[in-house]
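What follows is one structure encoded as structure tokens, with my remarks underneath.
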Amino acid sequence: MRAPRCRSLTRAPSHFLCPPGQRRAAHAAAAVAHAPAWRPSSALDEWVQREARPISLRRLTFFGRTLTQSRLLDGANYCRLELPTRIAHRLRDIQTLPYVVVANPHLAHVYELYLTAFERFRRVPEIRSLDDNERYCKILQETLTEHATVIPRLALGVLEVRGLMRPEETDKFMNTMLRSRISRRVIAEQHLALTDTFNSPWHFPHNQPEHDPHVDTVGEIFLKCNAKEIVERCGKTTQELIKAAHGSHVQLPDIHIEGHLDATFPYIQSHLEYIIGELIRNSIQAVIEKKKYHGAKPPPIEVLICETSQHVIIRISDQGGGISNEILPHLWSFSKGPRHQKRLQNLARVPKLLGTLQELKMPGTQASKDHDKHDGGSSLSSLTSRPPDLRLGIGLPMSRVYAEYWAGSLEIHSLEGFGVDAFLQISKLGNKDERLTTRASMDA
Ligand code: COI
């Protein structure tokens with residue numbers, strides 16, 4: 001029997017809005033430890049009525065390129081309305097999950113974080129001056145930091161509620177939550193970055209000398225992302241991580257890159273670094289774990305970059321033996337399949353990390369420089385503070401969420417007994433709206 005769904009629940013019986021049949025079950029479920037103390041919120045109802053106003057890389061670039069005070073304040077007010085709108089939709093999604101599911105401590109924690117952020121954001125008055133903007137940026141920065149563990153919490157939460165929801169529903173929920181989170185962080189981080197640019201000594205119209213460090217960036221968007229350079233950088237970092245996990249004696253495969261090595265396109269580098277880092281890590285891991293090459297230099301990972309009029313396609317091929325039939329059907333699932341069960345046994349508590357390679361701020365990247373700036377620490381220390389072999393098991397589905405968010409795609413073709421070809425397609429013109437809705441048919 002399916003668990004009850006119940007909107008706007010609270011522990012106070014007078015606030016129960018559920019039909020009587022569901023109410024009994026909800027009462028029983030309310031006894032579950034960690035259940036969130038939901039409060040009915042007419043403000044939430046109001047904000048849920050609003051539609052998200054989609055962004056594209058191109059729109060963000062045009063907007064941020066000629067930055068005036070009035071544009072900066074317009075941007076701040078866009079964030080001010082957009083963030084609570086987007087959070088409101090996700091709060092409503094969580095409220096429509098079965099109560100026993102959201103009683104899970106990790107999911108309840110995420111719900112509370114979002115409710116707190118929603119209440120904080122919706123109360124921000126119109127931003128009319130640079131001082132208002134400074135105050136607003138402080139709120140944004142604090143909230144971004146507070147939400148750093150959302151991904152591992154969601155990942156652990158959905159693993160723990162396996163069996164209480166259909167896997168397709170769980171995956172749809174996760175896809176929507178993660179896309180929405182990416183979108184909110186893009187909006188917030190873009191505004192913070194534009195504010196930094198506006199306050200920087202190089203900022204147009206005051207001064208724009210040749211050495212302006214922002215010349216190829218508009219906020220978080222790097223206008224000339226070069227796939228080859230990102231593959232090289234991610235390859236190096238991943239090799240270091242794997243050496244740290246397996247010992248320096250381990251024989252790692254080389255990474256060969258060929259094709260359109262000069263292809264550039266506008267993108268948020270950290271998104272690409274997450275996806276490519278994950279794919280290369282999977283490939284190297286598969287190759288070194290294949291007993292056949294034990295002790296000897298394994299065959300290289302082959303990367304092919306192909307540029308077309310609309311896309312850049314990156315194919316990453318390994319000879320790591322392919323993906324087992326046991327795992328293949330669940331490759332894109334956040335909760336189903338044998339690898340998830342094993343992970344759950346290994347992860348007794350929430351890891352003290354941000355959850356993604358991107359959020360670990362890979363050394364040498366813009367993200368890592370920002371991280372150093374904010375934390376005053378070295379990016380290497382942030383990498384070493386994370387157990388190098390810790391994996392939440394969501395790397396691939398998460399990579400696909402990143403790829404699809406900017407209208408790209410990620411496909412995996414497994415050649416059983418031989419290896420894997422991963423195809424990452426990037427929409428190179430930046431003119432496609434962010435994809436907030438999930439795939440029509442979940443194939444997880
Ligand atoms: C999140 O990171 O989960 C967010 O909701 C981002 C928001 C605080 C700007």
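Predicted, not measured: the structure shown is a model, and the values here were computed from it. Side-chain atoms are counted along with the backbone in the values below, which use heavy atoms only and exclude waters and symmetry mates. When a residue number appears, it is its place in the shown sequence, counting from 1. One-based numbering, in listed order, for ligands and for the atoms of each.
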Give the residue, atom name and distance (to 0.1 Å) of the protein heavy atom nearest [atom].
| atom | answer |
| --- | --- |
| atom 1 (C) of ligand 1 | His147 ND1, 3.2 Å |
| atom 8 (C) of ligand 1 | Thr143 CG2, 3.5 Å |
| atom 5 (O) of ligand 1 | Arg184 NE, 2.8 Å |
| atom 6 (C) of ligand 1 | Arg185 CG, 3.8 Å |
| atom 9 (C) of ligand 1 | Ala188 CB, 3.7 Å |

* Mark up the atoms of ligand 1 that fall under 4.0 Å of a heavy atom belonging to Arg181, in ascending order. =>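 Counting atoms of ligand 1 from 1, those under 4.0 Å from Arg181 are 1 (C), 2 (O), 3 (O).
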* Asked: Counting from 1, what ligand 1 atoms have a heavy atom of Tyr114 closer than 4.0 Å?
  ->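 Those atoms are 3 (O), 5 (O).
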* Apply side chain to side chain donor-acceptor pair (under 3.5 Å) to Thr237 and Arg233, showing your working. => CA-CA 6 Å; Thr237 308; Arg233 205 163 50 229; over 6 Å; no
Quick one: does any side-chain atom of [X] pair with a main-chain N or O of [Y] as donor and acceptor, under 3.5 Å?
| X | Y | result |
| --- | --- | --- |
| Arg185 | Leu144 | yes |
| Glu82 | Arg53 | yes |
| Glu411 | Phe423 | no |

* Asked: Which word best sums up how the rings of His271 and Tyr402 line up, parallel for under 30°, tilted for 30 to 60°, or perpendicular for over 60°?
  ->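 Rings of His271 and Tyr402: tilted, 30 to 60°.
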* Near-ring test His147/Tyr114, centroid separation under 6.0 angstrom ->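 Centroid separation for Tyr114 and His147: below 6.0 Å.
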